[in-house]
2 protein chains.
Amino acid sequence: MGKRKLSKSERHQALLQAIENDPFKTDEELAELFKVSIQTIRLDRMELRIPEVRKRTRQLARDAYSKVKSIGAVDVIGELVDVELNVSGKSIFEPEAGMTFEGNNVVRGHFIFAQANSLAVAIIDAEVALTGFSHIKYLRPVQLGDRMVAKAKVERAKNHRFFVRINTYVEDELVFKGKFIIFAMDDHKLLKERDTVLAEEE
Amino acid sequence: MGKRKLSKSERHQALLQAIENDPFKTDEELAELFKVSIQTIRLDRMELRIPEVRKRTRQLARDAYSKVKSIGAVDVIGELVDVELNVSGKSIFEPEAGMTFEGNNVVRGHFIFAQANSLAVAIIDAEVALTGFSHIKYLRPVQLGDRMVAKAKVERAKNHRFFVRINTYVEDELVFKGKFIIFAMDDHKLLKERDTVLAEEE
DNA sequence: CTGTTTTTAATACCTAGTACTAATACGAGC
DNA sequence: GCTCGTATTAGTACTAGGTATTAAAAACAG
């Protein structure tokens with residue numbers, strides 16, 4: 001695999017990736033991985049505003065714990081513009097304070113995800129939609145104050161399944177991309193019933 | 001609320017509770033909470049085999065991340081004995097190494113949960129069962145080598161919803177209790193379809 | 001070859017602990 | 001009262017995984 005020495009910006013990209021798919025790595029491990037000193041990794045993290053491993057994992061734990069993970073339950077994140085049902089759509093979202101990591105101004109990934117997810121669901125003409133997803137990629141960190149534009153395109157539709165591609169941009173720079181599979185359901189009695197039962201059980 | 005000084009064992013109980021519903025508390029915060037010194041808290045944690053806050057949260061993060069939380073996907077945890085379909089059941093489970101927290105021998109909660117969940121699902125006579133749950137309580141830590149006996153009783157059944165109470169014991173001492181709601185479904189085409197589609201999308 | 005950027009090094013400090021030793025307080029029985 | 005044993009608190013040395021800062025060395029670009 002890639003052995004030649006990476007440039008700073010290449011390393012930054014690789015670092016974002018590496019931490020994305022294993023947030024538990026310490027600076028020491030990352031330094032070994034990229035064959036640079038620990039200090040270099042720390043500088044990189046500063047520039048990329050990536051918090052230390054303990055804060056990263058604490059945040060992960062908190063997210064999971066406080067069930068903010070009920071992303072599916074969020075109504076709509078972002079303002080819808082240009083919706084052509086079952087074909088394409090666009091949404092604009094400006095993250096607010098409280099959506100960032102402690103201290104710095106980098107927007108937490110699941111809000112970016114949530115905007116994309118909301119849009120994917122919104123453009124499908126169905127009463128109830130379930131999402132499956134794959135090939136999600138966060139390309140650059142998004143800052144507080146950035147204006148996120150998500151664009152959706154339905155690539156295929158088969159039976160009641162829609163394959164939707166979402167690209168999210170900040171000032172024409174791609175920050176996120178993902179493929180979503182939306183299941184449109186008419187018969188949604190089951191889900192509704194489940195919710196009401198859970199509610200009735202206090 | 002409870003102001004009088006707690007005895008050691010009372011404090012131990014309270015400590016388990018406190019950490020259960022906020023695993024992010026540091027020893028310092030716990031010490032303030034119980035009006036004892038940090039050292040006392042540390043001694044308590046030792047005795048109860050509760051790891052430090054950083055390990056607790058790292059574990060939480062890992063659990064959430066590695067989606068071992070796909071507990072629903074686990075086939076069956078524990079050996080079924082005495083099953084009377086749609087009425088009651090019992091299962092026996094002896095946790096193995098690897099199901100404990102790093103270092104000490106305390107069994108991780110989701111295995112206890114998984115046994116209960118498995119049993120609840122198993123005693124319901126249906127092709128596919130979805131679980132909703134509530135009122136879960138871990139009462140005492142379970143050690144490696146403990147033999148966990150889970151007992152299930154169907155309390156109510158309405159339409160295709162079953163309300164199941166599970167109590168888990170170690171040597172006749174209650175270690176876990178929970179109420180589960182099981183949704184029995186005949187028409188499980190949707191779920192199956194969802195899986196095959198996700199698989200076909202590599 | 002000089003100037004700038006990038007990388008590495010070195011140091012002091014921080015949090016939230018472990019591991020250990022030692023001193024003190026508290027209650028029960030006599 | 002005093003004494004024994006448990007419970008609690010105190011104190012010290014050490015650890016991981018950092019932050020923050022200053023300074024030196026290396027790499028590269030014109």
Side-chain angles (χ1 to χ4, degrees), chain A residues 2-62 65 100-106 141, chain B residues 2-62 65 100-106 141:
Chain A
K3 295 214 178 213
R4 68 167 252 280
K5 254 228 153 141
L6 298 169
S7 76
K8 186 177 178 176
S9 59
E10 287 172 317
R11 193 184 52 241
H12 278 195
Q13 280 314 300
L15 192 62
L16 284 167
Q17 266 300 119
I19 289 179
E20 167 90 27
N21 61 40
D22 182 5
F24 300 92
K25 284 202 156 72
T26 62
D27 287 357
E28 195 174 3
E29 291 167 336
L30 291 165
E32 269 170 48
L33 186 61
F34 292 109
K35 308 288 177 204
V36 293
S37 70
I38 289 191
Q39 285 79 356
T40 300
I41 295 295
R42 311 242 227 242
L43 276 175
D44 289 349
R45 278 199 299 100
M46 296 278 171
E47 286 179 50
L48 297 170
R49 332 226 72 179
I50 298 170
E52 56 168 294
V53 68
R54 287 170 297 203
K55 290 198 177 151
R56 293 199 297 270
T57 54
R58 204 193 310 151
Q59 195 59 62
L60 274 179
R62 253 188 242 283
Y65 205 72
T100 62
F101 287 102
E102 292 176 39
N104 68 42
N105 286 333
V106 174
Chain B
K3 294 213 177 211
R4 68 166 253 279
K5 229 166 186 195
L6 298 169
S7 76
K8 186 177 178 176
S9 59
E10 285 172 320
R11 192 184 54 241
H12 278 195
Q13 280 313 299
L15 192 62
L16 284 167
Q17 265 300 120
I19 289 178
E20 167 90 27
N21 61 40
D22 182 5
F24 299 92
K25 283 201 157 70
T26 62
D27 287 356
E28 195 174 4
E29 292 167 335
L30 292 165
E32 269 171 47
L33 186 61
F34 292 109
K35 306 291 177 202
V36 294
S37 71
I38 288 192
Q39 285 79 355
T40 299
I41 295 296
R42 310 242 227 243
L43 278 175
D44 289 350
R45 278 199 300 99
M46 296 279 171
E47 286 179 50
L48 297 170
R49 331 226 74 179
I50 298 169
E52 57 169 294
V53 69
R54 286 171 297 203
K55 292 198 176 154
R56 292 200 298 271
T57 54
R58 202 194 311 151
Q59 195 59 63
L60 274 179
R62 253 188 241 283
Y65 203 72
T100 61
F101 286 102
E102 292 175 38
N104 68 44
N105 287 331
V106 174

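Note that these values count all heavy atoms, side chains included, but never hydrogens, waters or copies made by symmetry. Note that the structure is predicted; figures quoted are calculated from it, not measured. Convention: sequence-line order gives letters A, B, ...; per-chain numbering from 1.
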Original post:
Which nucleotide sits closest to the side chain of S37(A): dT8(C), dT7(C), dT8(D)?
Top reply: dT8(C)
Original post:
Which of the following nucleotides, dG11(D), dT6(C), dA9(C), is nearest to the side chain of K8(A)?
Top reply: dT6(C)
Original post:
Got a sec, which residues hit side chain to side chain donor-acceptor pair (under 3.5 Å) with T57(A), two or more places apart in sequence or on another chain?
Top reply: none
**OP:** Applying side chain to side chain contact (heavy atoms under 4.5 Å, CB included), name anything that partners R54(A), two or more places apart in sequence or on another chain.
**Re:** E52(A), R54(B)
Subject >> Whole-Å distance separating the CD atom of E29(A) from the C1' atom of dG18(D) >> reply: 14 Å
**OP:** Applying side chain to side chain donor-acceptor pair (under 3.5 Å), name anything that partners Q13(B), two or more places apart in sequence or on another chain.
**Re:** none
**OP:** Determine to 10° how strongly the helix from dC1(C)-dG30(D) to dC30(C)-dG1(D) is bent, judged from the axes of its five-pair ends.
**Re:** 10°
Original post:
In chain order, what residues pass the side chain to side chain contact (heavy atoms under 4.5 Å, CB included) check against L48(B), with sequence neighbours excluded?
Top reply: H12(B), L15(B), L16(B), I50(B)
Original post:
Just how far, in rounded Å, is P of dT9(D) from CG of L30(B)?
Top reply: 14 Å
Original post:
To the nearest Å, how far apart are D44(A) CG and dT19(D) P?
Top reply: 12 Å
Distances for protein N or O near nucleotides 13-19 of chain C N or O, under 3.5 Å:
from: dA16(C); atom 1: O4'; to: R54(B); atom 2: NH1; distance (Å): 3.2
from: dA16(C); atom 1: N3; to: R54(B); atom 2: NH1; distance (Å): 3.1
from: dA16(C); atom 1: N3; to: R54(B); atom 2: NH2; distance (Å): 2.8
from: dG17(C); atom 1: OP1; to: V53(B); atom 2: N; distance (Å): 3.0
from: dG17(C); atom 1: OP2; to: D27(B); atom 2: N; distance (Å): 2.8
from: dG17(C); atom 1: O5'; to: D27(B); atom 2: OD2; distance (Å): 3.4
from: dG17(C); atom 1: O5'; to: R42(B); atom 2: NH1; distance (Å): 3.2
from: dG17(C); atom 1: O4'; to: R54(B); atom 2: NH2; distance (Å): 3.4
from: dT18(C); atom 1: OP1; to: R45(B); atom 2: NH1; distance (Å): 3.2
from: dT18(C); atom 1: OP1; to: R45(B); atom 2: NH2; distance (Å): 3.4
from: dT18(C); atom 1: OP2; to: R45(B); atom 2: NH2; distance (Å): 2.9

**OP:** Establish, for the pair R58(B) and F24(A), whether the NZ or CZ atom is under 6.0 angstrom from the six-membered ring centre and no further than 45 degrees off its axis.
**Re:** no
Original post:
Can you name the salt bridge (Lys or Arg N to Asp or Glu O under 4.0 Å) partners of D27(A), sequence neighbours left out?
Top reply: R42(A), R45(A)
Subject >> Nearest-angstrom distance from the residue atom CD of Q39(A) to C1' of dA10(C) >> reply: 8 Å
**OP:** Grab the CG-P distance between L43(A) and dA20(D) for me, whole Å please.
**Re:** 12 Å
Subject >> Residues that E28(A) engages under side chain to side chain contact (heavy atoms under 4.5 Å, CB included), provided they are two or more places apart >> reply: T26(A), E32(A), I38(A)
Original post:
Whole Å only: how far is the CD atom of E47(B) from the P atom of dA7(D)?
Top reply: 7 Å
**OP:** May I have the distance from I38(A) (atom CD1) to dT8(C) (atom C1'), rounded to whole angstrom?
**Re:** 11 Å
Original post:
For R11(B) and dT6(D), what is the distance between atoms CZ and C1' respectively, to the nearest whole Å?
Top reply: 12 Å
**OP:** Flag the pair I19(B) / L30(B) as yes when at least one side-chain heavy-atom distance between them is below 4.5 Å, and no otherwise.
**Re:** yes
**OP:** Go through the structure and list residues passing side chain to side chain donor-acceptor pair (under 3.5 Å) with Q39(A), not counting sequence neighbours.
**Re:** none
